[in-house]
Amino acid sequence: MSPTPPSSVRRVACIGAGVIGGGWVAHFLARGYDVTAWDPAPDAEDKLRRLVTAAWPALEQLGLAEGASADRLTMAPSLAEAVADAEFVQESAPEQLDLKRDLLARLDAAAPPGVVIASSTSGYPMSDMQTTAATPGRLVVGHPFNPPYLIPLVEVVGGERTDRAAVEWAAEFYGVAGKSVITMDRELPGFIANRLQEALWREALHMVANGEATVEDIDASITEGPGLRWAFMGPILTFALAGGEGGMAHMLDHFGPSLKSPWTRLEAPELDRALRDAMVDGCDRAADGRTYAQLVAERDQGVIDVLRATGRLDGPAR
Ligand SMILES: NC(=O)c1ccc[n+]([C@@H]2O[C@H](COP(=O)([O-])OP(=O)(O)OC[C@H]3O[C@@H](n4cnc5c(N)ncnc54)[C@H](O)[C@@H]3O)[C@@H](O)[C@H]2O)c1
């Protein structure tokens, strides 16, 4: 597969430098890589540098790798120059299937032979995105979570035409680069975490649309409730504890019949203007005057505190 072993990679290209691409840039810089970014938007470089500057205090708290510096970011003038000497490519362009297909084919044509190219897609199967690439075997999904510089998880999965070796290479590389990796052996719409998040999201939108709960109520129901447990134990094992000493067996025997209750049989709600406005207004109320930059700083500190409290801050990985 890739000409460079995962632990020897030094140069990474990030294609698309918005919320997620910029987050990847910040992550790779903090881990000591040279990063070349490309994004066609005229204001992309300013935005990207602002994002990296805003993320850097959090990254310093996490512990920078030796030699890590925001100065090791280069903005390339073209896609071809961005990937010309890359040893790994992370694509984070907008979530549009045709755009991804075309972009991945162009990246495949421009990147050095064998270099693994990963897409940040939130849900498209790689099988649907790799259709026009000349060498689809090196295309994988590497699905991150926002912000990629703080949330450890990456879901890695290939498509029908992806080489197994590319999936293995990517999983190993992300591990070396300080991520927590789940490697999936089959494509699943939404992968694992987004499928779970979508279920919550659908229910939340329904409750707002029907006036059953406010945005603030819904957020508090998670941050003051199950969200506290999920940061360290996950939804299934914490449910096993809800079965007392009888564990999951008692939990299923006791609460299993309620699976048939109509709590969660909802189709996706109609995202009409009223619902859109209710969500936007609710978020404005919940932000309570805090700017985007303030909320990002608050979120970053919160994630770091949780990582520290649960013993998952062990300094630089490289
Ligand atoms: N936002 C999230 O929470 C999240 C989480 C995980 C994965 N993702 C995935 O990451 C990807 C990017 O999402 P985002 O939230 O960063 O979007 P975004 O809108 O913030 O950023 C997209 C960037 O891509 C650039 N772009 C537009 N056309 C392009 C092209 N042809 N080639 C390269 N770049 C192009 C835009 O200028 C923009 O800077 C999507 O596939 C999305 O599904 C998003």
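Basis for what follows: all heavy atoms, side chains included, without hydrogens, waters or symmetry-related copies. Remember, it's 1-based here, ligands and their atoms both numbered in the order they're listed.
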For this session: Heavy atoms only: give me the nearest A93-L103 pair and the separation to one decimal.
Result: CB-CD2, 3.4 Å
Exercise. What do you reckon, does E91 have a nitrogen or oxygen under 3.5 Å from a nitrogen or oxygen of ligand 1?
Worked result: no
Exercise. For ligand 1, which atoms have a heavy atom of A41 less than 4.0 angstrom away?
Worked result: 37 (O)
For this session: May I ask you to check whether V19 has an N/O atom sitting below 3.5 Å from an N/O atom of ligand 1?
Result: yes
For this session: Taking only Lys NZ, Arg NE, NH1 and NH2, and the carboxylate oxygens of Asp or Glu, determine whether R202 and E198 approach each other closer than 4.0 Å.
Result: no
For this session: Give a yes or no answer on whether the side chain of K47 reaches the backbone of G18 with a donor-acceptor pair at less than 3.5 Å.
Result: no
Problem set entry | Identity and separation of the nearest protein heavy atom to atom 35 (C) of ligand 1 | P40 CD, 3.4 Å
Exercise. In the protein, which heavy atom is nearest to atom 9 (C) of ligand 1, and how far is it?
Worked result: S120 O, 3.3 Å
For this session: Using a 4.0 Å heavy-atom threshold (strictly under), name the region of L79 that reaches ligand 1: side chain, backbone, both or neither.
Result: neither
For this session: Assess K100 for proximity to ligand 1: is some non-hydrogen atom of it under 4.0 Å away?
Result: yes
Exercise. For the residue pair V181 and A171, what are the closest heavy atoms and their distance?
Worked result: CG2-O, 3.6 Å
Exercise. Taking distance alone, with no angle check, do F145 and ligand 1 share an N/O pair under 3.5 Å?
Worked result: no
For this session: Provide, to 0.1 Å, the distance between atom 21 (O) of ligand 1 and the closest protein heavy atom, together with that atom's residue and name.
Result: G18 CA, 3.3 Å
Problem set entry | Heavy-atom closest pair, residues A118 and G142 | CB-N, 4.2 Å
Exercise. Under the 3.5 angstrom rule, does the side chain of E187 hit a backbone N or O of M126 as a donor-acceptor pair?
Worked result: yes
Exercise. Would you say E160 has more than 12 foreign heavy atoms packed within less than 6.0 Å of its CD?
Worked result: no
Exercise. Which of the listed options, I15, L99, T121, holds the heavy atom that is closest to atom 31 (N) of ligand 1?
Worked result: L99
Problem set entry | Pick from P148, P144, P94: the one approaching atom 24 (O) of ligand 1 most closely through a non-hydrogen atom | P94
Seminar exercise, completed: Residue, atom and distance of the protein heavy atom nearest atom 3 (O) of ligand 1 read N146 CB, 3.6 Å
For this session: Measure from atom 43 (O) of ligand 1 to the protein's non-hydrogen atoms and state whether any distance is below 4.0 Å.
Result: yes
For this session: Show which atoms of ligand 1 fall inside a sub-4.0 Å distance from at least one heavy-atom site of H143.
Result: 6 (C), 7 (C)
Problem set entry | Exam field: side chain E87 to backbone T4, donor-acceptor pair closer than 3.5 Å | no
For this session: Would you kindly specify which portion of K47 sits under 4.0 Å from ligand 1, judged on non-hydrogen atoms: side chain, backbone, both or neither?
Result: neither
Exercise. Under 3.5 Å between some N or O of ligand 1 and some N or O of W38?
Worked result: no
For this session: Give me the one residue out of Y149, F88, Y174 that meets ring pair (Phe, Tyr, Trp, His ring centres under 6.0 Å) with W24.
Result: Y174
Problem set entry | N or O contact, S122 vs ligand 1, cut-off under 3.5 Å | yes
Problem set entry | Any protein heavy atom < 4.0 Å from atom 26 (N) of ligand 1 | yes
For this session: State, to 0.1 Å, how close A242 and M251 come at their nearest heavy-atom pair, and which atoms those are.
Result: CB-SD, 4.0 Å
For this session: Give the residue, atom name and distance (to 0.1 Å) of the protein heavy atom nearest atom 1 (N) of ligand 1.
Result: I20 CG1, 3.7 Å
For this session: Answer yes or no: are there more than 12 heavy-atom neighbours, outside R276 itself, under 6.0 Å from its atom CZ?
Result: no
Exercise. Does even one non-hydrogen atom of A44 get within less than 4.0 Å of ligand 1?
Worked result: no
Seminar exercise, completed: A student checking ligand 1 against L103 at a 4.0 Å heavy-atom cut-off should list atoms 32 (N), 33 (C)
For this session: Taking all heavy atoms of L99 and all of P94, pick out the closest pair and write down the distance.
Result: CD2-O, 4.0 Å
Seminar exercise, completed: Residues W38 and P77: closest non-hydrogen pair is NE1-O, 3.8 Å
For this session: Give the residue, atom name and distance (to 0.1 Å) of the protein heavy atom nearest atom 23 (C) of ligand 1.
Result: D39 OD2, 3.6 Å
Exercise. Considering only the protein, which heavy-atom contact is closest to atom 11 (C) of ligand 1, and what is its distance?
Worked result: A93 O, 3.3 Å
Problem set entry | Enclosure of R299 CZ (heavy-atom neighbours >12, cutoff 6.0 Å) | yes
